[in-house]
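In what follows, residues are counted from 1 in the order of the sequence shown.
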Amino acid sequence: MNKNKLWISLLLMVIVLGLMALNMENVHDNSITKPLNSQIPTYQSEYPMTIVYNPIGQLSYKLMAKNVKYYTDSQQSWFSKPVMTLFDENAIATWKIQSDLAKLTNNRILYLYGHVEVKSLISTSQLKKIKTDSANINLITQDLVSDREMTIYGIDFISHCMKMRGNIRAKTAELIDQVKTNYERYNKKNST
């Protein structure tokens, strides 16, 4: 009988030690967490398309890019070759915005870098295109700001300035600092 108790005790002790070792291994694995490298994106995707609606369910804008990388630490998304299309309240595409690179922050400001072009998609618009090297747009208010030299193309005019403040939704722009505008009237009969 003592021999049976000894074997049972040894077996129970082996089981307890095995469970303790297993428990220690799980605790050990959970306690070691790798630090998040802020230089490595949390996620990335190729050829993403984001469609955003306003609070009442109307199409607001569509954003496409060659690729996107999101960084959790800075809460920023970086887009290469982004193309954004803005829509009016009737879901008609009104503006196309593109650049080489863009950064979207958590407060919904899109910073555009390199070969920035804002192009009107409405044939009756007096303002046809804006070109600059850097600009930012508030995606909520649609305020467009640039502190870089830019060229504005319109019907019968071309303007150059060093800074601009405007609103895409309201179709307004204030040209600031060293503004130069050339006006030309084209004769439609002679231009064909």
Side-chain angles (χ1 to χ4, degrees), residues 19-122 129-152 162-173:
L19 290 174
M20 286 176 58
L22 183 62
N23 191 32
M24 291 298 283
E25 185 179 351
N26 288 341
V27 169
H28 183 67
D29 284 347
N30 290 336
S31 65
I32 297 176
T33 56
K34 295 179 183 177
L36 187 61
N37 184 344
S38 62
Q39 302 299 319
I40 299 173
T42 307
Y43 68 83
Q44 55 189 1
S45 178
E46 289 188 5
Y47 302 103
M49 181 171 64
T50 303
I51 299 173
V52 176
Y53 296 88
N54 67 20
I56 58 173
Q58 296 171 323
L59 183 59
S60 183
Y61 64 87
K62 178 172 60 171
L63 178 60
M64 298 180 297
K66 183 176 179 182
N67 65 49
V68 64
K69 295 179 181 178
Y70 177 75
Y71 298 86
T72 300
D73 283 356
S74 60
Q75 295 185 342
Q76 295 176 349
S77 296
W78 284 88
F79 300 87
S80 65
K81 299 292 184 188
V83 177
M84 173 183 273
T85 305
L86 298 171
F87 296 87
D88 67 8
E89 62 278 352
N90 298 317
I92 296 171
T94 55
W95 296 95
K96 177 180 169 185
I97 302 169
Q98 60 189 36
S99 66
D100 293 336
L101 188 65
K103 172 179 69 172
L104 179 61
T105 60
N106 65 346
N107 58 354
R108 297 200 183 184
I109 305 292
L110 185 66
Y111 296 88
L112 304 160
Y113 306 103
H115 300 100
V116 178
E117 183 175 289
V118 179
K119 185 177 178 183
S120 175
L121 300 176
I122 305 292
K129 186 177 1 178
I130 300 170
K131 286 187 170 187
T132 187
D133 284 328
S134 176
N136 64 61
I137 180 169
N138 182 316
L139 297 178
I140 298 169
T141 64
Q142 292 191 356
D143 288 329
L144 178 68
V145 176
S146 180
D147 291 331
R148 295 287 180 98
E149 183 179 354
M150 59 178 27
T151 304
I152 296 101
M162 299 308 287
K163 297 179 183 180
M164 187 197 81
R165 306 283 180 267
N167 185 281
I168 293 173
R169 185 178 295 132
K171 299 177 187 135
T172 61

Would you please name every residue forming a side-chain contact (heavy atoms from CB on, under 4.5 Å) with [X], sequence neighbours left out?
X: Ile122; value: Ile92, Thr94, Ser120, Thr124, Ser125
X: Leu101; value: Trp78, Tyr113
X: Arg148; value: Thr132, Asp133, Ser134, Ser146
X: Leu121; value: Thr85, Ala93, Lys96

More than 12 heavy atoms from other groups under 6.0 Å of NZ on Lys119
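No.
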
Just checking Gln142: does its CD atom have more than 12 heavy atoms from other residues, nucleotides or ligands closer to it than 6.0 angstrom?
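It does: Gln142 CD has more than 12 such atoms within range.
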
Suppose we screen for side chain to side chain donor-acceptor pair (under 3.5 Å). Which residues come up paired with [X], at least two apart in sequence or across chains?
X: Thr105; value: Asn107
X: Gln75; value: Asn106
X: Asn136; value: none

What pairs meet the salt bridge (Lys or Arg N to Asp or Glu O under 4.0 Å) rule with one or both residues in residues 50-66, with sequence neighbours excluded?
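Found none.
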
Does anything in residues 44-58 form a side chain to side chain donor-acceptor pair (under 3.5 Å)? List the pairs, not counting sequence neighbours.
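Listed once each, the pairs are Asn54-Gln58.
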
For Asp147, give me all partners under salt bridge (Lys or Arg N to Asp or Glu O under 4.0 Å), at least two apart in sequence or on another chain.
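Checked Asp147 against salt bridge (Lys or Arg N to Asp or Glu O under 4.0 Å); matches are Arg165.
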
State which residues pass salt bridge (Lys or Arg N to Asp or Glu O under 4.0 Å) with Asp100; sequence neighbours excluded, sorted by chain then number.
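Partners of Asp100 by the salt bridge (Lys or Arg N to Asp or Glu O under 4.0 Å) criterion, ordered by chain and then number, come out as Lys81.
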
Minimum heavy-atom distance between Asn167 and Thr141, given as atom pair plus value:
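Nearest pair, atom of Asn167 first, then Thr141: ND2-O, 2.8 Å.
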
Shortest non-hydrogen contact between Ala65 and Ser80, atoms and distance
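So the minimum-distance heavy-atom pair works out to CB-O, 3.5 Å.
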
Nearest-0.5 Å distance, [atom1] of residue [X] to [atom2] of residue [Y]:
X: Glu89; Y: Ser60; atom1: CD; atom2: OG; value: 11.0 Å
X: Glu117; Y: Lys131; atom1: CD; atom2: NZ; value: 5.0 Å
X: Ile168; Y: Tyr61; atom1: CD1; atom2: OH; value: 12.0 Å
X: Tyr70; Y: Thr42; atom1: OH; atom2: OG1; value: 6.5 Å

